Amino acid sequence: MIKASRPNTCWFGTCCIAILCWAGSGGAPVLAGQYDAGLGYTLSHDSNIRLSSADPRAEWTEQVFGGLAYEESSSELYARLVAQVERRHFVRHTYEDDTGFFLDSAAVWTISPRQFIWSFEDVFREANLSLSAPDTPTNRTKTNSLSTGPEFTFRVNPTDTPVIGARYGRYYVQGGGTSGPGLGDSERYTIYTRWLHQISAPTTLSLNFAATRIHFAPPALYTDPAGDTHLFSSLSREDLFFRYERLLPFNRQTLDVGTTRIVQYGGQHLSGRLARYTAQLSLTSESSLRVSLADQFSDTYSDTVTAFSISTMPAIQGETVAAPLAVANTTAGDVYHSRRGELAYANRGERFGYSLQGYVRRVDYANIPQDYSEKGGRISTSWLFSVEAQAYAFTQYMKRSFSSFDEEDADRSRGVGVIYRLGRALTLTLEAGQTERQSTTVPQSTFVDRRAMLLLGYSTGPLYAARSRR
(Lines give C-alpha, C1' and ligand atoms only; values in the text may rest on other atoms or scores of the structure.)
Protein backbone atom coordinates (compact mmCIF):
# COMPACT_ATOMS: atom_id res chain seq x y z
CA MET A 1 0.00 0.00 0.00
CA ILE A 2 1.09 3.56 -0.58
CA LYS A 3 2.49 4.93 2.63
CA ALA A 4 0.55 7.71 4.31
CA SER A 5 1.92 11.08 3.38
CA ARG A 6 2.58 13.70 6.05
CA PRO A 7 -0.28 16.04 5.00
CA ASN A 8 -2.77 13.17 5.11
CA THR A 9 -1.67 11.97 8.57
CA CYS A 10 -1.59 15.52 9.89
CA TRP A 11 -5.10 16.18 8.58
CA PHE A 12 -6.42 13.06 10.36
CA GLY A 13 -4.72 14.07 13.61
CA THR A 14 -5.92 17.66 13.28
CA CYS A 15 -9.53 16.48 12.94
CA CYS A 16 -9.30 14.35 16.08
CA ILE A 17 -7.67 17.14 18.08
CA ALA A 18 -10.23 19.68 16.84
CA ILE A 19 -13.10 17.45 17.93
CA LEU A 20 -11.63 17.03 21.42
CA CYS A 21 -10.89 20.75 21.78
CA TRP A 22 -14.36 21.66 20.56
CA ALA A 23 -15.92 19.23 23.03
CA GLY A 24 -13.91 20.64 25.91
CA SER A 25 -14.39 24.34 25.10
CA GLY A 26 -16.72 26.46 27.15
CA GLY A 27 -18.91 27.37 24.18
CA ALA A 28 -19.76 23.82 23.18
CA PRO A 29 -22.01 21.34 24.96
CA VAL A 30 -20.26 19.03 27.41
CA LEU A 31 -20.03 15.50 26.01
CA ALA A 32 -21.99 13.10 28.20
CA GLY A 33 -22.76 10.19 25.95
CA GLN A 34 -21.57 6.60 25.83
CA TYR A 35 -17.93 5.72 25.19
CA ASP A 36 -16.61 2.34 24.11
CA ALA A 37 -13.08 1.32 23.21
CA GLY A 38 -11.45 -1.81 21.92
CA LEU A 39 -8.48 -3.54 20.39
CA GLY A 40 -7.88 -6.74 18.51
CA TYR A 41 -5.64 -9.05 16.53
CA THR A 42 -6.37 -10.64 13.15
CA LEU A 43 -4.52 -13.44 11.38
CA SER A 44 -5.61 -14.24 7.83
CA HIS A 45 -4.38 -16.41 4.98
CA ASP A 46 -5.00 -15.66 1.28
CA SER A 47 -4.29 -18.20 -1.45
CA ASN A 48 -3.93 -15.37 -4.01
CA ILE A 49 -3.42 -12.06 -2.23
CA ARG A 50 -2.41 -10.31 -5.48
CA LEU A 51 -5.79 -11.28 -7.01
CA SER A 52 -3.90 -12.20 -10.16
CA SER A 53 -4.11 -15.04 -12.67
CA ALA A 54 -0.55 -14.50 -13.90
CA ASP A 55 1.23 -14.26 -10.51
CA PRO A 56 -0.87 -15.77 -7.70
CA ARG A 57 0.86 -15.70 -4.32
CA ALA A 58 -0.20 -17.10 -0.96
CA GLU A 59 0.29 -14.79 2.00
CA TRP A 60 -0.26 -14.62 5.76
CA THR A 61 -1.33 -11.22 7.08
CA GLU A 62 -1.23 -10.09 10.70
CA GLN A 63 -3.20 -7.05 11.78
CA VAL A 64 -3.31 -5.26 15.12
CA PHE A 65 -5.99 -2.62 15.59
CA GLY A 66 -7.43 -0.36 18.25
CA GLY A 67 -10.05 2.35 18.39
CA LEU A 68 -12.93 4.02 20.13
CA ALA A 69 -16.59 4.79 19.57
CA TYR A 70 -18.81 7.50 20.99
CA GLU A 71 -22.52 8.22 20.72
CA GLU A 72 -24.75 10.89 22.24
CA SER A 73 -28.30 12.06 21.61
CA SER A 74 -29.53 14.95 23.74
CA SER A 75 -31.47 18.16 23.30
CA GLU A 76 -28.23 20.05 22.59
CA LEU A 77 -26.09 17.53 20.77
CA TYR A 78 -26.41 14.53 18.51
CA ALA A 79 -22.98 13.00 17.93
CA ARG A 80 -21.56 9.76 16.63
CA LEU A 81 -17.92 8.81 16.19
CA VAL A 82 -16.01 5.65 15.29
CA ALA A 83 -12.23 5.92 14.93
CA GLN A 84 -9.72 3.12 14.41
CA VAL A 85 -6.01 2.72 13.74
CA GLU A 86 -4.63 -0.54 12.35
CA ARG A 87 -1.20 -1.90 11.54
CA ARG A 88 -0.79 -4.64 8.94
CA HIS A 89 2.18 -6.98 8.60
CA PHE A 90 2.58 -9.19 5.53
CA VAL A 91 4.56 -12.20 6.74
CA ARG A 92 5.96 -13.21 3.33
CA HIS A 93 6.52 -9.57 2.31
CA THR A 94 4.25 -9.66 -0.74
CA TYR A 95 3.41 -6.05 0.13
CA GLU A 96 5.06 -3.52 2.38
CA ASP A 97 3.70 -3.30 5.93
CA ASP A 98 1.34 -0.37 6.35
CA THR A 99 -0.71 1.63 8.82
CA GLY A 100 -4.35 2.44 8.12
CA PHE A 101 -6.84 4.84 9.62
CA PHE A 102 -10.62 4.78 9.72
CA LEU A 103 -12.93 7.57 10.90
CA ASP A 104 -16.67 8.08 10.68
CA SER A 105 -17.89 11.11 12.62
CA ALA A 106 -21.01 13.25 12.60
CA ALA A 107 -22.42 15.84 14.99
CA VAL A 108 -25.30 18.31 15.12
CA TRP A 109 -24.98 20.99 17.80
CA THR A 110 -28.22 22.80 18.61
CA ILE A 111 -27.01 26.24 19.65
CA SER A 112 -30.49 27.77 19.79
CA PRO A 113 -33.47 25.39 19.66
CA ARG A 114 -35.44 25.66 16.39
CA GLN A 115 -33.28 28.61 15.30
CA PHE A 116 -29.56 27.91 14.99
CA ILE A 117 -27.61 24.64 14.59
CA TRP A 118 -24.11 23.70 13.50
CA SER A 119 -23.41 20.36 11.83
CA PHE A 120 -20.19 18.48 11.18
CA GLU A 121 -19.35 15.31 9.22
CA ASP A 122 -15.93 13.81 8.56
CA VAL A 123 -15.27 10.50 6.78
CA PHE A 124 -11.71 9.14 6.53
CA ARG A 125 -11.07 5.83 4.75
CA GLU A 126 -9.38 4.01 1.88
CA ALA A 127 -10.66 4.03 -1.70
CA ASN A 128 -9.67 2.37 -4.97
CA LEU A 129 -7.46 4.24 -7.42
CA SER A 130 -8.87 2.29 -10.37
CA LEU A 131 -12.33 0.77 -10.75
CA SER A 132 -11.22 -1.88 -13.24
CA ALA A 133 -8.24 -3.16 -11.21
CA PRO A 134 -8.68 -5.68 -8.35
CA ASP A 135 -9.00 -4.39 -4.78
CA THR A 136 -5.43 -4.92 -3.57
CA PRO A 137 -3.20 -2.76 -1.31
CA THR A 138 -1.47 -1.25 -4.36
CA ASN A 139 -4.84 -0.11 -5.73
CA ARG A 140 -5.85 1.78 -2.59
CA THR A 141 -5.16 5.20 -1.21
CA LYS A 142 -6.47 7.27 1.66
CA THR A 143 -9.25 9.83 1.29
CA ASN A 144 -10.93 12.33 3.57
CA SER A 145 -14.34 13.98 3.11
CA LEU A 146 -15.22 16.85 5.45
CA SER A 147 -18.43 18.88 5.61
CA THR A 148 -19.39 21.50 8.20
CA GLY A 149 -21.46 24.66 8.55
CA PRO A 150 -24.31 26.56 10.24
CA GLU A 151 -28.06 26.54 9.57
CA PHE A 152 -30.54 29.25 10.57
CA THR A 153 -34.30 28.68 10.87
CA PHE A 154 -36.93 31.45 10.88
CA ARG A 155 -40.49 30.51 11.79
CA VAL A 156 -42.98 32.75 9.93
CA ASN A 157 -46.11 31.02 11.22
CA PRO A 158 -46.99 27.58 12.62
CA THR A 159 -46.84 25.95 9.16
CA ASP A 160 -44.21 27.95 7.18
CA THR A 161 -40.50 27.96 7.99
CA PRO A 162 -37.70 29.43 5.84
CA VAL A 163 -34.20 28.01 6.34
CA ILE A 164 -30.81 29.44 5.32
CA GLY A 165 -27.55 27.52 5.64
CA ALA A 166 -23.93 27.35 4.51
CA ARG A 167 -21.45 24.49 4.23
CA TYR A 168 -17.72 24.21 3.80
CA GLY A 169 -16.49 20.94 2.27
CA ARG A 170 -13.10 19.43 1.62
CA TYR A 171 -12.21 16.29 -0.36
CA TYR A 172 -8.63 15.07 -0.01
CA VAL A 173 -6.96 12.19 -1.87
CA GLN A 174 -3.48 11.05 -0.88
CA GLY A 175 -1.29 11.60 -3.92
CA GLY A 176 -4.14 13.35 -5.73
CA GLY A 177 -1.86 15.96 -7.19
CA THR A 178 0.24 13.39 -9.05
CA SER A 179 -1.92 10.33 -9.64
CA GLY A 180 -3.70 11.46 -12.77
CA PRO A 181 -6.93 13.09 -13.93
CA GLY A 182 -9.93 13.04 -11.64
CA LEU A 183 -7.82 12.42 -8.52
CA GLY A 184 -7.16 15.98 -7.35
CA ASP A 185 -8.15 17.54 -4.04
CA SER A 186 -11.07 19.96 -3.93
CA GLU A 187 -12.69 22.54 -1.69
CA ARG A 188 -16.33 23.55 -1.92
CA TYR A 189 -18.51 26.32 -0.54
CA THR A 190 -22.28 25.92 -0.52
CA ILE A 191 -25.13 28.27 0.32
CA TYR A 192 -28.63 26.82 0.44
CA THR A 193 -32.12 27.93 1.30
CA ARG A 194 -35.36 26.05 1.89
CA TRP A 195 -38.97 27.04 2.44
CA LEU A 196 -40.76 24.37 4.45
CA HIS A 197 -44.54 24.05 4.60
CA GLN A 198 -45.88 21.57 7.16
CA ILE A 199 -49.05 19.86 6.02
CA SER A 200 -49.35 17.68 9.11
CA ALA A 201 -47.14 16.58 11.97
CA PRO A 202 -45.28 13.91 9.92
CA THR A 203 -45.58 15.46 6.41
CA THR A 204 -43.63 18.44 5.03
CA LEU A 205 -43.39 20.05 1.60
CA SER A 206 -40.40 22.24 0.74
CA LEU A 207 -38.84 24.25 -2.08
CA ASN A 208 -35.04 23.98 -2.04
CA PHE A 209 -32.20 25.84 -3.76
CA ALA A 210 -28.48 25.21 -3.32
CA ALA A 211 -25.54 26.98 -4.99
CA THR A 212 -22.05 25.44 -4.76
CA ARG A 213 -18.62 26.60 -5.92
CA ILE A 214 -15.90 23.92 -6.15
CA HIS A 215 -12.18 24.63 -6.53
CA PHE A 216 -9.78 21.90 -7.72
CA ALA A 217 -6.10 21.63 -6.85
CA PRO A 218 -4.50 20.77 -9.19
CA PRO A 219 -6.89 21.73 -12.02
CA ALA A 220 -9.07 18.96 -13.43
CA LEU A 221 -8.86 17.68 -17.01
CA TYR A 222 -11.60 17.91 -19.63
CA THR A 223 -11.51 16.37 -23.11
CA ASP A 224 -13.88 18.00 -25.61
CA PRO A 225 -15.71 16.15 -28.42
CA ALA A 226 -12.87 17.03 -30.83
CA GLY A 227 -10.35 15.23 -28.60
CA ASP A 228 -8.60 18.36 -27.30
CA THR A 229 -7.67 18.43 -23.60
CA HIS A 230 -8.41 21.43 -21.39
CA LEU A 231 -7.84 22.31 -17.75
CA PHE A 232 -10.40 23.88 -15.46
CA SER A 233 -9.78 24.88 -11.84
CA SER A 234 -13.35 25.42 -10.62
CA LEU A 235 -16.99 24.79 -11.31
CA SER A 236 -20.32 26.08 -10.03
CA ARG A 237 -23.43 24.02 -9.42
CA GLU A 238 -27.04 25.01 -8.83
CA ASP A 239 -29.76 22.63 -7.62
CA LEU A 240 -33.43 23.62 -7.56
CA PHE A 241 -35.90 20.98 -6.40
CA PHE A 242 -39.19 20.29 -4.68
CA ARG A 243 -39.24 17.83 -1.74
CA TYR A 244 -42.00 15.75 -0.19
CA GLU A 245 -41.05 14.25 3.16
CA ARG A 246 -43.07 12.00 5.46
CA LEU A 247 -41.44 10.90 8.71
CA LEU A 248 -43.21 8.41 10.95
CA PRO A 249 -41.64 6.08 13.53
CA PHE A 250 -42.10 3.10 11.17
CA ASN A 251 -42.32 4.84 7.80
CA ARG A 252 -39.88 7.32 6.27
CA GLN A 253 -40.34 8.55 2.71
CA THR A 254 -38.61 11.33 0.78
CA LEU A 255 -39.23 12.44 -2.81
CA ASP A 256 -37.12 15.08 -4.60
CA VAL A 257 -37.93 16.44 -8.07
CA GLY A 258 -36.02 19.27 -9.74
CA THR A 259 -33.10 20.29 -11.96
CA THR A 260 -29.31 20.64 -11.76
CA ARG A 261 -27.08 23.06 -13.68
CA ILE A 262 -23.27 22.75 -13.68
CA VAL A 263 -20.78 25.18 -15.24
CA GLN A 264 -17.17 24.02 -15.53
CA TYR A 265 -15.04 27.12 -16.01
CA GLY A 266 -12.81 26.16 -18.92
CA GLY A 267 -14.81 22.98 -19.55
CA GLN A 268 -18.29 21.92 -20.58
CA HIS A 269 -21.68 22.98 -19.21
CA LEU A 270 -24.04 20.29 -17.90
CA SER A 271 -27.71 20.29 -16.99
CA GLY A 272 -30.29 17.67 -16.25
CA ARG A 273 -33.02 16.47 -13.96
CA LEU A 274 -32.75 15.74 -10.28
CA ALA A 275 -35.06 12.92 -9.14
CA ARG A 276 -34.70 10.93 -5.94
CA TYR A 277 -36.99 8.69 -3.94
CA THR A 278 -36.19 6.79 -0.75
CA ALA A 279 -38.46 4.83 1.55
CA GLN A 280 -37.65 2.98 4.76
CA LEU A 281 -40.54 0.90 6.05
CA SER A 282 -40.94 -1.31 9.09
CA LEU A 283 -43.28 -4.03 7.84
CA THR A 284 -43.44 -5.86 11.18
CA SER A 285 -41.54 -5.74 14.44
CA GLU A 286 -38.96 -8.08 12.84
CA SER A 287 -38.84 -7.02 9.19
CA SER A 288 -38.01 -3.88 7.24
CA LEU A 289 -37.87 -2.76 3.61
CA ARG A 290 -35.92 -0.03 1.85
CA VAL A 291 -36.46 1.32 -1.66
CA SER A 292 -34.11 3.82 -3.29
CA LEU A 293 -34.31 5.37 -6.78
CA ALA A 294 -32.19 8.23 -8.10
CA ASP A 295 -31.41 10.07 -11.33
CA GLN A 296 -29.00 12.92 -10.65
CA PHE A 297 -25.56 14.50 -11.01
CA SER A 298 -23.18 13.71 -8.20
CA ASP A 299 -19.52 13.16 -7.29
CA THR A 300 -17.50 10.97 -4.93
CA TYR A 301 -17.39 13.59 -2.17
CA SER A 302 -21.15 14.13 -2.15
CA ASP A 303 -21.90 10.41 -2.23
CA THR A 304 -19.53 9.67 0.64
CA VAL A 305 -20.89 12.37 2.96
CA THR A 306 -24.55 11.78 2.05
CA ALA A 307 -24.41 8.00 2.45
CA PHE A 308 -22.71 8.32 5.83
CA SER A 309 -25.12 11.02 7.04
CA ILE A 310 -28.12 8.83 6.19
CA SER A 311 -26.58 5.75 7.79
CA THR A 312 -25.93 7.58 11.07
CA MET A 313 -29.52 8.75 11.55
CA PRO A 314 -31.32 6.95 14.41
CA ALA A 315 -32.70 3.72 12.92
CA ILE A 316 -36.41 2.95 12.78
CA GLN A 317 -37.65 -0.12 14.59
CA GLY A 318 -36.72 -3.30 12.77
CA GLU A 319 -34.18 -1.56 10.52
CA THR A 320 -31.43 -4.08 9.75
CA VAL A 321 -30.70 -3.55 6.07
CA ALA A 322 -27.33 -2.40 4.83
CA ALA A 323 -26.36 1.24 4.32
CA PRO A 324 -27.60 2.98 1.15
CA LEU A 325 -25.56 2.31 -1.96
CA ALA A 326 -23.50 5.14 -3.39
CA VAL A 327 -21.24 5.12 -6.43
CA ALA A 328 -18.41 2.56 -6.38
CA ASN A 329 -15.70 3.26 -3.79
CA THR A 330 -13.18 5.13 -5.94
CA THR A 331 -11.04 8.24 -5.63
CA ALA A 332 -12.35 9.86 -8.83
CA GLY A 333 -13.58 13.29 -7.74
CA ASP A 334 -15.12 14.02 -11.12
CA VAL A 335 -18.78 14.95 -11.62
CA TYR A 336 -20.90 12.12 -12.98
CA HIS A 337 -24.49 11.44 -14.01
CA SER A 338 -25.80 8.59 -11.89
CA ARG A 339 -28.97 6.52 -12.32
CA ARG A 340 -29.57 3.98 -9.58
CA GLY A 341 -32.24 1.67 -8.25
CA GLU A 342 -32.05 -0.43 -5.10
CA LEU A 343 -34.32 -2.75 -3.13
CA ALA A 344 -33.41 -4.24 0.25
CA TYR A 345 -35.35 -6.41 2.69
CA ALA A 346 -34.33 -7.67 6.13
CA ASN A 347 -35.94 -9.96 8.66
CA ARG A 348 -34.53 -10.57 12.10
CA GLY A 349 -36.05 -13.02 14.54
CA GLU A 350 -34.90 -14.06 17.97
CA ARG A 351 -32.71 -16.86 16.60
CA PHE A 352 -32.50 -16.44 12.83
CA GLY A 353 -32.18 -13.40 10.60
CA TYR A 354 -31.53 -12.69 6.95
CA SER A 355 -31.30 -9.81 4.48
CA LEU A 356 -31.68 -9.51 0.71
CA GLN A 357 -30.34 -6.62 -1.36
CA GLY A 358 -30.31 -5.96 -5.10
CA TYR A 359 -29.38 -2.95 -7.22
CA VAL A 360 -28.70 -1.63 -10.70
CA ARG A 361 -26.94 1.60 -11.66
CA ARG A 362 -25.36 3.50 -14.51
CA VAL A 363 -22.57 6.06 -14.04
CA ASP A 364 -21.40 8.47 -16.78
CA TYR A 365 -18.42 10.67 -15.84
CA ALA A 366 -18.22 14.15 -17.27
CA ASN A 367 -14.48 14.30 -17.86
CA ILE A 368 -12.70 10.97 -17.36
CA PRO A 369 -13.14 7.69 -19.32
CA GLN A 370 -14.56 5.53 -16.52
CA ASP A 371 -18.25 5.20 -17.56
CA TYR A 372 -19.83 1.93 -16.48
CA SER A 373 -23.06 0.09 -15.77
CA GLU A 374 -23.42 -2.25 -12.84
CA LYS A 375 -25.82 -4.69 -11.24
CA GLY A 376 -25.51 -6.88 -8.21
CA GLY A 377 -26.94 -8.23 -5.03
CA ARG A 378 -26.19 -9.68 -1.62
CA ILE A 379 -27.78 -12.32 0.60
CA SER A 380 -26.73 -12.69 4.22
CA THR A 381 -27.99 -14.82 7.09
CA SER A 382 -27.24 -15.20 10.80
CA TRP A 383 -28.08 -17.82 13.41
CA LEU A 384 -27.99 -17.21 17.17
CA PHE A 385 -27.27 -20.56 18.82
CA SER A 386 -26.85 -19.17 22.33
CA VAL A 387 -25.85 -16.03 24.15
CA GLU A 388 -22.23 -16.97 23.58
CA ALA A 389 -22.27 -18.24 19.97
CA GLN A 390 -23.66 -17.26 16.60
CA ALA A 391 -22.93 -18.15 12.98
CA TYR A 392 -23.35 -16.21 9.74
CA ALA A 393 -23.08 -16.71 5.99
CA PHE A 394 -23.16 -14.41 2.98
CA THR A 395 -22.91 -14.43 -0.78
CA GLN A 396 -22.77 -11.49 -3.16
CA TYR A 397 -22.49 -10.88 -6.88
CA MET A 398 -21.57 -7.84 -8.96
CA LYS A 399 -21.28 -7.46 -12.74
CA ARG A 400 -19.70 -4.27 -14.10
CA SER A 401 -19.44 -3.30 -17.77
CA PHE A 402 -17.28 -0.35 -18.87
CA SER A 403 -18.56 1.53 -21.91
CA SER A 404 -15.51 3.81 -22.19
CA PHE A 405 -13.34 0.77 -22.95
CA ASP A 406 -14.01 -2.88 -23.71
CA GLU A 407 -14.14 -4.62 -20.32
CA GLU A 408 -16.78 -6.64 -18.50
CA ASP A 409 -16.12 -8.21 -15.10
CA ALA A 410 -18.25 -10.42 -12.84
CA ASP A 411 -17.21 -10.58 -9.18
CA ARG A 412 -18.50 -13.19 -6.72
CA SER A 413 -17.72 -13.64 -3.07
CA ARG A 414 -19.08 -15.96 -0.41
CA GLY A 415 -18.20 -16.85 3.12
CA VAL A 416 -19.24 -18.43 6.41
CA GLY A 417 -18.21 -17.56 9.93
CA VAL A 418 -18.69 -18.19 13.63
CA ILE A 419 -18.55 -15.63 16.44
CA TYR A 420 -17.97 -16.96 19.94
CA ARG A 421 -18.08 -14.81 23.06
CA LEU A 422 -15.33 -15.83 25.48
CA GLY A 423 -16.44 -13.38 28.15
CA ARG A 424 -18.20 -10.04 28.59
CA ALA A 425 -15.63 -8.18 26.51
CA LEU A 426 -13.69 -10.80 24.55
CA THR A 427 -14.85 -12.41 21.26
CA LEU A 428 -13.35 -14.92 18.86
CA THR A 429 -14.32 -14.89 15.16
CA LEU A 430 -13.48 -17.56 12.58
CA GLU A 431 -14.31 -16.98 8.90
CA ALA A 432 -13.61 -18.77 5.62
CA GLY A 433 -14.60 -17.71 2.13
CA GLN A 434 -13.74 -17.25 -1.50
CA THR A 435 -13.54 -14.25 -3.84
CA GLU A 436 -13.35 -14.62 -7.61
CA ARG A 437 -13.55 -12.57 -10.79
CA GLN A 438 -14.48 -13.74 -14.27
CA SER A 439 -13.66 -11.33 -17.11
CA THR A 440 -15.06 -12.05 -20.56
CA THR A 441 -12.93 -9.41 -22.29
CA VAL A 442 -9.69 -9.30 -20.25
CA PRO A 443 -8.70 -12.91 -19.42
CA GLN A 444 -5.67 -11.82 -17.38
CA SER A 445 -8.04 -10.11 -14.92
CA THR A 446 -9.62 -13.44 -13.94
CA PHE A 447 -8.64 -14.70 -10.47
CA VAL A 448 -9.71 -16.84 -7.50
CA ASP A 449 -8.70 -16.14 -3.90
CA ARG A 450 -9.55 -18.44 -0.98
CA ARG A 451 -9.31 -16.77 2.43
CA ALA A 452 -9.42 -17.86 6.06
CA MET A 453 -9.40 -15.48 9.01
CA LEU A 454 -9.11 -15.59 12.80
CA LEU A 455 -10.00 -12.48 14.79
CA LEU A 456 -9.60 -11.99 18.53
CA GLY A 457 -11.27 -8.79 19.68
CA TYR A 458 -11.74 -6.96 22.97
CA SER A 459 -14.23 -4.15 23.48
CA THR A 460 -15.74 -2.39 26.46
CA GLY A 461 -19.21 -2.23 24.89
CA PRO A 462 -21.42 -2.78 21.82
CA LEU A 463 -20.63 0.54 20.07
CA TYR A 464 -17.08 -0.47 19.21
CA ALA A 465 -17.73 -4.22 19.09
CA ALA A 466 -19.87 -3.76 15.96
CA ARG A 467 -16.98 -1.99 14.19
CA SER A 468 -14.26 -4.42 15.31
CA ARG A 469 -16.01 -7.35 13.62
CA ARG A 470 -16.16 -5.67 10.16
Side-chain angles (χ1 to χ4, degrees), residues 119 121 123 143-151 163-173 176 181-195 206-224 230-243 254-278 293-310 324 326-328 330-340 361-368 370-371:
S119 60
E121 295 141 342
V123 183
T143 66
N144 179 249
S145 300
L146 168 71
S147 178
T148 186
E151 181 176 284
V163 176
I164 298 176
R167 305 285 284 184
Y168 167 77
R170 183 179 186 272
Y171 180 62
Y172 173 84
V173 180
L183 300 179
D185 306 340
S186 66
E187 285 187 303
R188 62 195 63 210
Y189 303 87
T190 301
I191 298 177
Y192 63 88
T193 180
R194 301 196 297 264
W195 188 284
S206 63
L207 183 63
N208 305 263
F209 176 76
T212 302
R213 187 67 178 260
I214 305 175
H215 300 280
F216 299 93
L221 292 177
Y222 161 62
T223 302
D224 61 26
H230 308 273
L231 293 175
F232 64 95
S233 59
S234 63
L235 67 80
S236 64
R237 170 174 178 159
E238 296 178 352
D239 295 310
L240 177 64
F241 61 95
F242 165 85
R243 169 171 290 180
T254 303
L255 173 66
D256 295 337
V257 178
T259 61
T260 296
R261 180 175 177 268
I262 298 174
V263 177
Q264 299 177 347
Y265 297 99
Q268 60 181 325
H269 296 187
L270 307 170
S271 62
R273 60 177 171 269
L274 187 160
R276 296 183 292 237
Y277 173 75
T278 58
L293 302 170
D295 184 347
Q296 63 180 359
F297 284 100
S298 191
D299 59 79
T300 304
Y301 165 88
S302 301
D303 273 356
T304 302
V305 173
T306 302
F308 174 66
S309 300
I310 294 174
V327 75
T330 176
T331 57
D334 189 25
V335 174
Y336 45 77
H337 181 207
S338 173
R339 286 161 287 182
R340 184 187 73 245
R361 63 183 165 203
R362 168 78 188 183
V363 175
D364 297 308
Y365 287 93
N367 302 302
I368 60 176
Q370 292 272 357
D371 301 350

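The shown structure was predicted, so the numbers you read here are calculated from the model rather than taken from an experiment.
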Item to check | side-chain contact (heavy atoms from CB on, under 4.5 Å) between His215 and Tyr189, worked out | outcome: CA-CA 9 Å; His215 300 280; Tyr189 303 87; 4.0 Å; yes

Next on the checklist: Show, in sequence, the C-alpha distance, side-chain angles and deciding distance for Arg273 and Thr259, and conclude whether the side-chain contact (heavy atoms from CB on, under 4.5 Å) test is met.
Outcome noted: CA-CA 4 Å; Arg273 60 177 171 269; Thr259 61; 5.6 Å; no

Checklist entry - Any chance the side chains of Tyr192 and Glu151 put a donor and an acceptor closer than 3.5 Å? => result yes

Checklist entry - Asp371 side chain to Tyr365 main-chain N or O, any donor-acceptor pair under 3.5 Å? => result yes

Item to check | Distance in Å, Gln296 CD paired with Thr260 OG1, rounded so as to fall on 0.5 Å steps | outcome: 7.5 Å

Next on the checklist: Rounded to the nearest 0.5 Å, what separates atom CD1 in Ile164 from atom CH2 in Trp195?
Outcome noted: 10.0 Å

Checklist entry - Taking the side chain as C-beta and beyond, is there a heavy-atom pair between Val163 and Thr193 under 4.5 Å? => result no

Checklist outcome for this item: Of Arg340, Arg276, His337, the one forming a side chain to side chain donor-acceptor pair (under 3.5 Å) with Asp295 is His337

Checklist entry - Which distance, rounded to the nearest 0.5 Å, do you find between the OG of Ser234 and the CZ of Arg213? => result 4.0 Å

Checklist entry - If you measure from CD1 on Ile214 to CD on Gln264, what distance do you get to the nearest 0.5 Å? => result 9.5 Å

Item to check | Ile191, CD1: over 12 other non-hydrogen atoms inside 6.0 angstrom | outcome: no

Checklist outcome for this item: Shortest non-hydrogen pair, Phe216 vs Ser186, comes out as CD2-CB, 4.0 Å

Checklist entry - Could you give the distance from CG (Asp239) to CD1 (Ile262), rounded to the nearest 0.5 Å? => result 7.5 Å

Checklist entry - Can you tell me if Asp185 uses its side chain to pair, donor with acceptor, with the backbone of Val173 under 3.5 Å? => result yes

Next on the checklist: If you apply the rule side-chain contact (heavy atoms from CB on, under 4.5 Å), what do you find for Leu274 with Val257, and how did you get there?
Outcome noted: CA-CA 6 Å; Leu274 187 160; Val257 178; over 6 Å; no

Checklist entry - Quick one: CG on Leu207 to CG on Leu240, what's the gap to the nearest 0.5 Å? => result 5.5 Å

Next on the checklist: When you measure from the side chain of Ser145 to the backbone of Tyr171, do you find a donor-acceptor pair of N or O atoms at a distance under 3.5 Å?
Outcome noted: no

Checklist entry - So, Arg339 and Asp364, do they make that salt bridge, N to O below 4.0 Å? => result yes

Checklist entry - If we only count heavy atoms from C-beta on, is the Arg194 to Asn208 side-chain gap below 4.5 Å? => result yes

Next on the checklist: Any donor-acceptor pair under 3.5 Å linking the side-chain atoms of Tyr168 with those of Glu187?
Outcome noted: yes

Checklist entry - Given the rule in the side-chain contact (heavy atoms from CB on, under 4.5 Å) test, do Tyr336 and Ser298 qualify, once you have shown the distances and angles that lead to the verdict? => result CA-CA 6 Å; Tyr336 45 77; Ser298 191; 3.8 Å; yes

Next on the checklist: Ring of Phe297, cation from Arg261 - is the NZ or CZ under 6.0 Å from the centre and inside 45° of the axis?
Outcome noted: no

